[in-house]
Number of protein chains: 2
Amino acid sequence: MTPKKPTPPATIYDVARKSKVSIATVSRVLNKKNSVVTEKTRLQVLEAIKELNFKPNISARRLVSNRTNLIEIFFHINNFPVNFKSDWYNGILVGATQVIQSHNLGLLINFLVGIPDPQEIVDRVFQNNVDGVLMISPSLEEKHLLELSRQSTPVVMVGHRAQSPDISFVDTNNIEASEMMVEHLINLGHKKIACLAGPIHNVQNAKDRLEGFKNAMAKHGLSVPKNFIVPSDGFIKHNGYDEMKKLLKLSEKPTAIYACDDMLAMGAWDAVTEAGLKVGKDISIAGYDDIPAVSVAPYSLTTIRQDMEGLSAAATRLLISQIKSPEGFVPSQQYESTKLIVRSSTGPAPK
Amino acid sequence: MTPKKPTPPATIYDVARKSKVSIATVSRVLNKKNSVVTEKTRLQVLEAIKELNFKPNISARRLVSNRTNLIEIFFHINNFPVNFKSDWYNGILVGATQVIQSHNLGLLINFLVGIPDPQEIVDRVFQNNVDGVLMISPSLEEKHLLELSRQSTPVVMVGHRAQSPDISFVDTNNIEASEMMVEHLINLGHKKIACLAGPIHNVQNAKDRLEGFKNAMAKHGLSVPKNFIVPSDGFIKHNGYDEMKKLLKLSEKPTAIYACDDMLAMGAWDAVTEAGLKVGKDISIAGYDDIPAVSVAPYSLTTIRQDMEGLSAAATRLLISQIKSPEGFVPSQQYESTKLIVRSSTGPAPK
DNA sequence: GCTGAGGATGTAAGCGTTTACAAGTTTTTG
DNA sequence: CAAAAACTTGTAAACGCTTACATCCTCAGC
């Protein structure tokens, strides 16, 4: 079928020959915006380019310019596909793509699944000579991030923050958002609030959300019994379910649950319902993320919404500015705002 | 902060100098698997590479090898974000990524949103000199697809089929799957079956599903009144809702609905419920796609499941084999299997 | 009409690799 | 032990482009 035409693609030499100019001139009409070339010659060259269907070889350009015009995005997922949140990742991807395309760059996508050797990650990052890296990783350790940012390739973390001031990131302020949410519960009269905290041992977001919880409780002079802070291995629905069951067995039960992730909240919801209690009335539940599932039946969850697309776009713009900044870039850490979405899962504390 | 070290990256020359061999030898230890180099020299070179932290410049490699080892995936979305089905696209992305990573290739991702000028699409496709292209487009016209496949870059369509035998694709067999679904309805005793057909004017999948519907009806000698075939502009929930409302107003109502897409089915479901009828009892509804939303409350939809990850992986493998095939490749068209998922939305035809 | 300035064009080097071919070294063989 | 065979290594060209520098024109100014 369709025998491939073995004609090798036209090069700049072919164009030069055909339009009777030198390759330098061809290159100039290709690259220089404000014409340094006679209009007549320019047209000749353009004509030849069209006739020969010439497309510049991008690898050659990249070699000589020492820029690939490529950005690579890394999705690091510990537990695939359990931790793969389509909507969250898609938001990031779409936000990044839009900015990247408007700058005429290319986007390479890379999934790091499981818990790969950190050195392997570092190697993978530099394997493609990309101009910059967007890193989405809930649990890459600080030192490896530092290792990345030490190289001359800018790296921006998206949706996760780092402690070190040398690491650029764009994230929401998980601490503040959590405080806001917990204050919402407190304002409803709740005093006995438990926190489904998720993987606080290795995920910064989880740590921060718990911190926000503690801050708000302390600020309002509320004490938190030890067993009201419930970590779990992941942000997984059955974690929320299991832990909620345990909470319901306590003699002194909480009247409200702050779940640091919507999946945990949904699990908790199921456990509460199963126990014959009504969410939002007998027990209030709040979540975090506003994934699509929590706004449709049977759920109607009060939660925190982050604009992932916007956040990702901001991160990408930051990355691009760092790439363009000629004499080394300065790490930059940005927080995007969040929104408290109130639905029927939170209500006044029962008397 | 972190002043960038301006040391330029080490080249193969630096390594050669340091290990006191020629660049050719360095290149050999880099590339040849079955050692053509003395073990002693090899170790020397490896040592120098490590000390200098040398990483081969991939642009140079690409230039000389005339291969980028890059594959580009195009998501063509007419109506963004309405037509952007996260799960469907993610399935494709994940399937492709897995195969690509296992082959040590890179994946560029590109969104074509709106209805871009077809010529622009063609240009975009060839702009990055990638080795192959995965194309996801519901509505790119045949002639432009042909234009793409005419170039020496292999293109494989994913999840959509083409008529021309010159265009490679991997898809499910929409016609057969539809037949299977409609026969399921017929076996339940339904005779008056309407089809929410979606955008049959410009989307091949929609055309095919309608064809499957017609085939099955004809095969069982059932006639289809003209107004039982209901096209719409898109596979959008409110299309299903609106059209279902109209169907419910007919004097001769259908007892079953075959919606060619889950979104249409969900919309129809809402309309039916709103009219005080019970889905699966008073009216049966079947969908297509098995998106996550149709398996949780309030929906429980009989539908067709396609394994998008598997399909995409198959497409990627096909693409890679075409890339590797030395003397031109042969277009190949593959159909992956589907599954009929029966839930409570379909039941026996009412008497 | 000549000089010189400034703009248009050409020449050639260089970007960092791979690889054909040549040259040199070691091993095998009779 | 010499010649042939088999390895190992080095030299240099090539991939297709950008760009510094050199050269050549054109035309203004006198």
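Every chain is numbered from 1, with letters handed out A, B, ... down the list of sequences.
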Would you mind telling me which of [options] lies closest to the side-chain atoms of [X]?
| X | options | result |
| --- | --- | --- |
| B:Thr38 | D:dT9, C:dT18, D:dC17 | D:dT9 |
| B:Leu63 | C:dT9, D:dG16, D:dT18 | D:dG16 |
| A:Ser27 | C:dT9, D:dT18, D:dG16 | D:dT18 |

Original post:
NZ of B:Lys55: more than 12 outside heavy atoms within 6.0 angstrom?
Top reply: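 Counting neighbours around NZ of B:Lys55, more than 12 heavy atoms of other residues, nucleotides or ligands fall under 6.0 Å, so yes.
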Subject >> Side chains of B:Gln333 and B:Asp171, donor plus acceptor under 3.5 Å >> reply: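 Short answer, no.
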Original post:
Is it the case that B:Asn129 and A:Ser59 place a side-chain donor and acceptor less than 3.5 Å from each other?
Top reply: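 Checked: B:Asn129/A:Ser59 side chains show no N/O donor-acceptor pair below 3.5 Å.
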Subject >> SB check A:Arg42 A:Glu39 (cutoff 4.0 Å) >> reply: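 Salt bridge: yes.
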Subject >> A:Glu147 and A:Lys143 ion-paired at < 4.0 Å >> reply: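 No, no charged N to carboxylate O under 4.0 Å.
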Subject >> Test item: B:Val15 and B:Leu52 side chains (from C-beta on) under 4.5 Å apart, heavy atoms >> reply: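 Counting from C-beta outward, B:Val15 and B:Leu52 do come under 4.5 Å.
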Original post:
Quick one: are A:Asp123 and A:Gln127 in side-chain contact, heavy atoms under 4.5 Å?
Top reply: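 Side chain of A:Asp123 against side chain of A:Gln127, heavy atoms only: no contact under 4.5 Å found.
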Classify [X] by what it touches in the nucleic acid, base, sugar-phosphate, or nothing, heavy-atom distance under 4.0 Å.
| X | answer |
| --- | --- |
| A:Val64 | base |
| A:Lys40 | nothing |
| B:Asn66 | nothing |
| A:Ser65 | nothing |
| B:Ser59 | nothing |

Subject >> Under the side-chain hydrogen bond (donor to acceptor under 3.5 Å, both in side chains) test, residues paired with B:Ser137 that sit two or more places apart >> reply: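 Per chain and number, B:Ser137 pairs via side-chain hydrogen bond (donor to acceptor under 3.5 Å, both in side chains) with B:His76.
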Original post:
Can a side chain N or O of A:Arg62 be found less than 4.0 Å away from OP1 or OP2 on D:dC17?
Top reply: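 Answer is no, no contact under 4.0 Å.
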Subject >> Phosphate contact (D:dG16 OP1 or OP2) by A:Lys55 side-chain N/O below 4.0 Å >> reply: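 It does not, given that no N or O in the side chain of A:Lys55 lies less than 4.0 Å from OP1 or OP2 of D:dG16.
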Original post:
Does A:Asp131 reach the main-chain N or O of A:Asn69 with its side chain, forming a donor-acceptor pair under 3.5 Å?
Top reply: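 Flag set: sc A:Asp131 to bb A:Asn69 pair under 3.5 Å.
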Return the polar atom pairs (N/O with N/O) between nucleotides 10-12 of chain C and the protein under 3.5 Å, or none.
unit_1: C:dG10; atom_1: OP2; unit_2: A:Ser22; atom_2: N; d: 2.7
unit_1: C:dG10; atom_1: OP2; unit_2: A:Ser22; atom_2: OG; d: 3.1
unit_1: C:dG10; atom_1: OP2; unit_2: A:Thr25; atom_2: OG1; d: 2.9
unit_1: C:dG10; atom_1: N7; unit_2: A:Arg28; atom_2: NH2; d: 2.8
unit_1: C:dG10; atom_1: O6; unit_2: A:Arg28; atom_2: NH1; d: 3.3

Whole Å only: how far is the [atom1] atom of [X] from the [atom2] atom of [N]?
| X | N | atom1 | atom2 | value |
| --- | --- | --- | --- | --- |
| B:Asn57 | D:dC17 | CG | C1' | 14 Å |
| B:Gln44 | D:dT8 | CD | C1' | 13 Å |
| A:Ile58 | D:dT18 | CD1 | P | 11 Å |
| A:Asn129 | C:dC15 | CG | P | 16 Å |
| A:Ile49 | D:dC17 | CD1 | P | 10 Å |
| A:Leu30 | D:dT19 | CG | C1' | 14 Å |

Subject >> ring pair (Phe, Tyr, Trp, His ring centres under 6.0 Å), paired with B:His160, selected from B:Phe169, B:Trp88, B:Phe75 >> reply: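 Filter result, single survivor: B:Trp88.
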**OP:** Identify, residue by residue, the members of residues 10-19 of chain B with a heavy atom below 4.0 Å from DNA chain C, and return them in order of residue number, or none.
**Re:**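 DNA chain C contact set from residues 10-19 of chain B: B:Thr11, B:Ile12, B:Tyr13.
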